[in-house]
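A, B, ... follow the sequence lines: proteins, then strands. Residue 1 opens every chain.
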Amino acid sequence: MNIQHDKEQLTKQLLDWYKQNARVLPWREKATPYRVWVSEIMLQQTRVEAVKPYFERFIATIPDIPTLANTEDEVLAKLWEGLGYYRRVYNMKKCAQVCVEKHGGKLPNTYAELLELPGIGAYTAGAIASIAFGECVAAVDGNVLRVFSRVLVLEEDILKESVKRQYAKIVQMYIPKHESSAFNQALMELGATICVPNAAPRCNICPIADNCKGYQCGKAHYLPNKAAKKTRRIEKKTICVLRYKDKFHVRQRASQGLLAGLYEFDWLEGYQSKKAVSEYYKMYVVKNIRKLPDAKHVFSHIEWHMKGYLVEVEMPCEEGVWCTLEELKASYAIPTAYKAYKDALEKE
DNA sequence: GTCCCGGACT
DNA sequence: AGTCCGGGAC
């Protein structure tokens with residue numbers, strides 16, 4: 001078989017396609033360094049549709065880097081509530097503080113300097129450097145890995161760091177010197193909309209199919225290769241939503257680790273009976289106790305299997321926060337893991 | 001329900 | 001190698 005792959009032609013096809021088909025996205029409207037940075041951090045491990053509403057609200061609330069450097073963690077957590085990977089927003093604040101101290105309140109404008117900043121790794125540095133500053137540098141995210149794996153039939157495990165560096169060098173050779181921004185975005189856009197994960201790639205409408213080795217030899221659909229992931233550990237918990245009159249009890253999680261700095265309901269290790277829960281909270285004078293729904297929440301490496309109770313008490317404890325449902329929704333960032341219980345309170 | 005997707009830091 | 005989430009496709 002004669003396999004066709006012309007680098008210059010592929011680049012032109014990709015850029016032409018992108019000019020016609022680029023999605024209209026909020027952060028593309030005015031690609032200022034700040035907006036590009038905020039969007040790229042939000043887009044780490046997160047889909048475009050999920051980011052859209054968060055982006056608009058974040059920019060409206062925190063319009064620039066000096067403001068971000070001085071924003072309370074509580075406010076940041078609330079702006080990030082439900083988006084996941086909460087460390088990202090705390091790193092952004094640290095990053096903003098470094099920008100104020102060392103770079104005149106702005107992001108530095110080179111790949112090398114960006115890479116030094118908290119929360120900015122190889123991909124994000126490449127994305128900001130190319131999209132915001134026009135530097136001719138690759139931005140290799142999961143989309144780009146998938147597209148190039150298929151285009152060149154590269155069969156190594158794309159989760160390996162060494163393989164990612166190798167891809168960056170390869171992609172670098174394809175970037176037109178003065179169009180790195182459009183080229184990088186085009187590759188990611190193709191990966192997100194045509195050369196998709198988790199479903200058959202839409203090769204029939206792909207603008208670069210005739211220069212894609214994977215398509216031509218029929219291997220595109222089973223690339224890229226990834227190492228199998230290991231099983232998650234399961235944690236059993238009993239969620240106890242404490243109520244005193246019209247107020248509910250929440251407490252803040254540790255500032256490090258899982259769901260850092262977010263608020264949660266009380267909980268006990270393992271599955272506890274109504275009687276055991278009642279016994280545990282007897283100091284608070286339990287007036288009534290009722291079953292709430294079971295729930296499950298999956299993280300990267302852990303699964304929470306939850307049982308729940310609504311525990312009405314007459315003697316509120318002094319630790320944590322007692323607040324109405326309205327106050328809870330307005331001011332306290334609750335992770336999605338507790339959604340079933342937060343939703344249950346709506347019916348109370 | 002089950003499987004899969006996606007960057008940075010330690 | 002392990003720690004950090006939430007959502008989409010089926």
Side-chain angles (χ1 to χ4, degrees), chain A residues 37-55 77 79-95 111 114-128 138-147 149-150 157-165 167-168 184 187-189 191-193 195-202 221-235 253-262 264 293-305 333-340 342-343:
Chain A
W37 172 49
V38 172
S39 69
E40 288 299 340
I41 299 297
M42 286 185 170
L43 288 163
Q44 288 170 358
Q45 306 293 95
T46 311
R47 288 180 165 76
V48 163
E49 288 310 314
V51 166
K52 278 182 185 172
Y54 285 88
F55 177 80
L79 285 168
W80 214 264
E81 181 185 30
L83 201 52
Y85 293 103
Y86 299 94
R87 184 193 298 163
R88 290 183 291 174
V89 74
Y90 305 128
N91 275 338
M92 274 179 61
K93 178 174 170 179
K94 279 190 210 158
C95 184
Y111 173 83
L114 288 162
L115 192 55
E116 297 300 310
L117 295 166
I120 299 183
Y123 161 71
T124 308
I128 300 172
V140 181
D141 73 345
N143 291 307
V144 176
L145 291 168
R146 186 172 56 256
V147 170
S149 162
R150 290 171 174 170
D157 175 7
I158 59 161
L159 294 180
K160 290 171 75 174
E161 211 45 53
S162 59
V163 172
K164 291 182 187 178
R165 284 195 295 271
Y167 272 68
N184 286 339
L187 268 183
M188 294 189 271
E189 191 92 349
T193 62
C195 197
V196 292
N198 224 350
R202 306 163 70 190
H221 65 286
Y222 78 76
L223 290 168
N225 288 318
K226 289 177 158 193
K229 49 202 165 304
K230 49 188 65 175
T231 57
R232 285 180 286 264
R233 121 181 135 250
I234 292 172
E235 293 183 1
R253 293 177 59 90
S255 61
Q256 302 276 313
L258 186 67
L259 305 171
L262 274 71
E264 64 180 1
D294 293 351
K296 183 168 95 160
H297 189 77
V298 182
F299 301 92
S300 330
H301 51 309
I302 310 170
E303 288 183 19
W304 281 1
H305 293 197
I334 308 282
T336 305
Y338 294 98
K339 183 176 188 304
K342 197 174 168 185
D343 288 351

N/O to N/O distances under 3.5 Å, protein versus nucleotides 2-5 of chain C:
unit_1: C/dG2; atom_1: OP1; unit_2: A/Lys230; atom_2: NZ; d: 3.3
unit_1: C/dG2; atom_1: OP2; unit_2: A/Lys230; atom_2: NZ; d: 2.4
unit_1: C/dC4; atom_1: O5'; unit_2: A/Leu258; atom_2: N; d: 3.4
unit_1: C/dC5; atom_1: OP1; unit_2: A/Tyr85; atom_2: N; d: 3.3
unit_1: C/dC5; atom_1: OP1; unit_2: A/Tyr86; atom_2: N; d: 2.9
unit_1: C/dC5; atom_1: OP2; unit_2: A/Leu259; atom_2: N; d: 2.0
unit_1: C/dC5; atom_1: N3; unit_2: A/Tyr85; atom_2: OH; d: 3.3

Atom pair distance, as rounded to whole Å: CG in A/Leu223 and P in B/dC4: 16 Å
Whole-Å distance, A/Glu40 CD to B/dG6 P, equals 15 Å
Looking only at side-chain N and O atoms, does A/Lys226 come under 4.0 Å of OP1 or OP2 in B/dC4? no
Can you tell me if the side-chain N/O atoms of A/Arg146 get under 4.0 Å from OP1 or OP2 in B/dC5? no
CA sep, side-chain torsions, deciding dist, call: A/Thr46, A/Arg88, side chain to side chain donor-acceptor pair (under 3.5 Å): CA-CA 12 Å; A/Thr46 311; A/Arg88 290 183 291 174; 3.1 Å; yes
Considering every strand and a 4.0 Å limit on heavy-atom distances, what is the contact class for A/Leu145: base, sugar-phosphate, or nothing? nothing
Scan A/Lys339 against the nucleic acid and name what it touches under 4.0 Å (heavy atoms): base, sugar-phosphate only, or nothing. nothing
One should read off an interatomic distance between A/Ile234 CD1 and A/His305 NE2, to the nearest 0.5 angstrom, of 4.5 Å
N/O to N/O distances under 3.5 Å, protein versus nucleotides 8-10 of chain C:
none

Inspect the contact between A/Glu81 and A/Lys339 and indicate whether a charged nitrogen and a carboxylate oxygen are less than 4.0 angstrom apart. no
First of A/Thr46 and A/Lys94 reached from the 5' end of DNA chain B, by closest nucleotide: A/Thr46
Could you tell me whether A/His297 and A/Phe299 have their ring centroids closer than 6.0 angstrom? yes
Pair A/Gln44, A/Tyr85: side-chain N/O donor-acceptor within cut-off below 3.5 Å: no
Hits for salt bridge (charged side-chain N to carboxylate O under 4.0 Å, His left out) against A/Asp294, two or more places apart or cross-chain, chain-then-number order -> A/Lys291, A/Lys307
